[in-house]
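In what follows, a single structure is set out as structure tokens and then discussed.
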Amino acid sequence: MQNTAKYILFLYLYAGFLSQTSKAENNVTVLHKNEEPFIQIGDNYYLINAAVKMNWFEAFLYCRSYDSDLVTIETEVEMNSLSFYLTTNAQLKSFWINANDLATKGKYMSYSNGRPVAYTKWGAGQPDNSGNNENCVHLFAKENIFYMNDNKCTAEIFAICEKPNRLGSQGNDICSTCGLKKLIEILQNSENVLNCRA
Ligand SMILES: [Ca+2]
Ligand SMILES: [Ca+2]
């Protein structure tokens, strides 16, 4: 292909990529606005189920049915933002979160990313594996402050789900540009190869 023709093709693809990206981002914004009952707190979208009590496994499946996962609290900022919302909205209840140590005793894993939990804020004396039968983690409020506790996975409490970051389950909207992006990368790489040969 002539260099000029390739350059024009590159500009054409890049322009198309930009326009599709902005269209996709707009779609995500619109979708988020209509994503009831998910609410935005900080940078994240949560479904706070304070109506139906479930065991940990039911809560896990409940969140999956909304294309989300039980909440993974990754940072102190996320913990504080969520706690502030729950406290100010008088939701001083217990909520399952996305962590248990069923796979390896004492090693709490996140089931949304397969990694050890990045952040914990255990209540006093927790986790205590009370009765040698507590493996699943939940949030609970004590004097208007939320902490984590290990509990029986079969305990019936509420749940908080969280949409995956950024793309969420609506990732397909963004992925409509992936093929185009890949094509541009291939073209750019072929340019580099040609430059090396020259
Ligand atoms: Ca999170
Ligand atoms: Ca406990």
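As the structure lists them, so they are numbered: ligands from 1, and atoms in each ligand from 1. Being a predicted model, the structure only gives us computed values, none of them experimental.
Taking the six-membered ring where tryptophan is involved, the planes of H138 and W96 are perpendicular, since the angle between them exceeds 60° and thus also 30°.
Residue side and main chain included, N151 places no N/O/S atom under 3.0 Å of the Ca ion (ligand 2). Among the backbone and side-chain atoms of S130, no N/O/S atom is found under 3.0 Å from the Ca ion (ligand 2). Residue contacts to the Ca ion (ligand 1): N44 brings no N, O or S atom closer than 3.0 Å.
When atom types are taken as modelled, the side chain of Q40 and the backbone of G42 share a donor-acceptor pair closer than 3.5 angstrom. Using modelled atom types, one side-chain atom of D150 and one backbone atom of D128 make a donor-acceptor pair closer than 3.5 Å.
The angle N149:OD1 - the Ca ion (ligand 2) - E134:OE1 amounts to 140°, with values rounded to 10 degrees. Between Q126 atom OE1 and D150 atom OD1, the angle centred on the Ca ion (ligand 2) amounts to 80° (nearest 10°). The angle subtended at the Ca ion (ligand 1) by OE1 of E162 and OE1 of E78 is 150°, given to the nearest 10°.
Per residue D128, closest N, O or S atom to the Ca ion (ligand 2): atom name OD1. Nearest to the Ca ion (ligand 1), among the N, O or S atoms that E74 has, is OE1.
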Q: Could you walk me through whether N100 and Y111 pass side-chain hydrogen bond (donor to acceptor under 3.5 Å, both in side chains), step by step?
A: CA-CA 8 Å; N100 69 49; Y111 279 67; 3.1 Å; yes
Q: Evaluate side-chain hydrogen bond (donor to acceptor under 3.5 Å, both in side chains) for N44 paired with Y46, printing each intermediate quantity in order.
A: CA-CA 7 Å; N44 302 310; Y46 304 100; 3.0 Å; yes
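A cation-pi arrangement is not found for K163 relative to Y45, the charged atom failing to lie both closer than 6.0 Å to the ring centre and inside a 45° cone about the ring normal.
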